[in-house]
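Presented below is the structure to which this report refers.
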Protein chains: 2
Amino acid sequence: MINIRQNSYSNSQLMRGIQESSVAYILNHATIEQFDKNTIIVQQSEKHPFLHLILSGKVKTYRHSTEGKETIIRLLKPQETFMDAVIFMNTDTSPISAQSIEPTKTLKIPQKIIHEAISKDSILAHNLLQIIANHYGSSMLQVDAIHTQKPLDRVGFYLLSKYLEHIKLGGSSKSFSLQYTKQDIANQLGVAPETFSRSLAKLKQMGIEIQGTEIKLSSSESLCQFCDPTLTKKCIKSSKDDCKIKE
Amino acid sequence: MINIRQNSYSNSQLMRGIQESSVAYILNHATIEQFDKNTIIVQQSEKHPFLHLILSGKVKTYRHSTEGKETIIRLLKPQETFMDAVIFMNTDTSPISAQSIEPTKTLKIPQKIIHEAISKDSILAHNLLQIIANHYGSSMLQVDAIHTQKPLDRVGFYLLSKYLEHIKLGGSSKSFSLQYTKQDIANQLGVAPETFSRSLAKLKQMGIEIQGTEIKLSSSESLCQFCDPTLTKKCIKSSKDDCKIKE
DNA sequence: CGCACCATTGATATGGATCAATAACTGTGG
DNA sequence: CCACAGTTATTGATCCATATCAATGGTGCG
């Protein structure tokens, strides 16, 4: 059985609250994989019957078309999983690729082991349902945003989401950092890198300092105009009067 | 316990292969709901802790923004479910609305019952994982398509998908019918109704007859140019030499 | 130090949204 | 069975936002 520090996986949504025996069973049949920066971990259209839990590093999942364009699906940090949904799809090959964007270590768990663990541990099943349902939820929001919002709004919304996430993890109240390259973020938001850059330039004129990858807000409410009912729940301010989102 | 014909639910992916006792438990705690055409079944931003299985009729799920725009997420037929993913999300209110687009009957199952049934029946858990993972898969494809394809290609791809689905259900080999209004389909594809109409006009010049909601292909390969590796598996022709998709 | 890569800024072209008008349906009631 | 209203679909004309192209500036790494 693999021997790793418990805290490298135990905060993950995947493992949360599941039986000790399930953890043992999974660790017994999983391997730890190491990848250099920019290594392709999963190749689109190939079989890859494994779920990965990121222990350290960063990963992007994406699709590429025959004409060479790529669409980033998700940008991932430690404790997050990928191929979590794919191993339950009807397809026999993966619809996405995954690539490390930093030196990365993952816990690689065979599909079969997950299936078996699920049938014995309904908490694990529930965790996976929640994980995948939330992915689907974000994906729906993304489709909606692309249809109905302009690039500036999408960028603003993205920054606000990251800011709230940062606050939730106990970060400082007015500054935070983009965790990925701007071109990757732009791609994920469905805009050209140039457009992303221009959107950031507009935000600067609205009291948001941007130096490289560091964002500094002039006030903790600087981004409030980009809020929406979905984010409102994650915001401490939502009860305050000056929050415009109410329903 | 509700008394309905078994075939009105037993072909659904939800119920497939699950224990008799689970079926009984679910039917015991579910209700049958009837809706006129254009009834709002679920309202965005409100609580709705139920999963619906469509027994007859048609339903659309969608999001609407404050400015009144709506984005269709899915268009649904009998045997399909909605609110299937929502009941596993972290949100306490629904991120989507659901509305009947025809007179509709659904089996309405409380969230709590589903949760309990899952913990006893791992096949049901597996079914739900598959259902939601596939939704997520389509949603990823949609995001990708919006980024990388022109409206004509998206329309062509849509028609091809529907055609293959039609064939799989044993339909005639060269004609089939759009199951929804053109404006709804256009919305789901993320194009204006006018653009959808113009795309269909282009397709006419490529040997695809379109009369109202009926599509007639001049040859069963008329739509092959819109194929991609994801659809290839569902296509009987994929093994034939004249199929260009080979990945 | 120099070479890649990444980001910004400027100039241009274009595809599809939007606006507007008409035409084809669908269903309803006389 | 037809007339009418309401909805849905088509077709045409216009305009603007953003992708694309192009050039420069910045940054990190070997």
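Computed over heavy atoms, backbone and side chain alike; hydrogens, waters and symmetry mates excluded. Just so we're on the same page: letters track the sequence lines, and every chain starts at 1.
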Any side-chain N or O of B/K69 under 4.0 Å from OP1/OP2 of C/dT18? yes
Which whole-number value in Å describes the distance from A/N187 CG to C/dC6 P? 13 Å
By nearest atom, which of the nucleotides D/dT20, C/dT18, D/dT8 is closest to the B/R198 side chain? C/dT18
Picking from D/dT18, D/dA19, D/dT10, which would you name as closest to the side chain of A/P151? D/dT18
In whole angstrom, what separates B/K150's NZ from C/dG16's C1'? 9 Å
Nearest whole angstrom, please: distance from the C1' of D/dG6 to the CG of B/N38. 13 Å
Look at all strands and tell whether B/P193 reaches a base, only sugar-phosphate, or nothing, counting heavy atoms closer than 4.0 Å. nothing
So which nucleotide from D/dT8, C/dG16, D/dT20 ends up closest to the side chain of B/T195? C/dG16
Rounded to whole angstroms, how far apart are CD1 on B/I210 and C1' on D/dT8? 16 Å
Could you state the CG-C1' distance from B/L152 to C/dG16, rounded to the nearest angstrom? 13 Å
Interatomic distance, B/R154 CZ vs C/dG15 C1' [rounded to whole Å]: 11 Å
May I ask you to decide whether B/E70 forms a salt bridge with B/K60, counting only side-chain N to carboxylate O separations under 4.0 Å? yes
Under 4.0 Å from OP1 or OP2 of D/dA9: is there any side-chain N or O of B/S197 that close? no
Geometric cation-pi criterion, A/K105 with A/F35: 6.0 Å, 45°: no
Gap between atoms CG and C1', on A/L178 and C/dC6 respectively (whole Å): 14 Å
Check ion pair B/E194-B/K182 (N to O, under 4.0 angstrom): no
For atom NE2 of A/H147 and atom P of C/dG16, their distance in whole Å: 13 Å
Any chance the side chains of B/Q211 and B/E209 put a donor and an acceptor closer than 3.5 Å? yes
Would you list the protein and nucleotides 26-30 of chain D atom pairs, both N or O, that sit under 3.5 Å from each other?
none

So for atom NZ, which belongs to A/K108, do other residues, nucleotides or ligands contribute more than 12 heavy atoms lying within a distance under 6.0 Å? yes
Between A/F176 and A/Y163, is the ring centroid distance below 6.0 Å? yes
Among the candidates D/dA9, D/dA19, C/dT9, find the nucleotide nearest to the side-chain atoms of A/E194. C/dT9
Got a salt bridge between A/K168 and A/E165, using NZ or NE/NH1/NH2 to carboxylate O under 4.0 Å? no
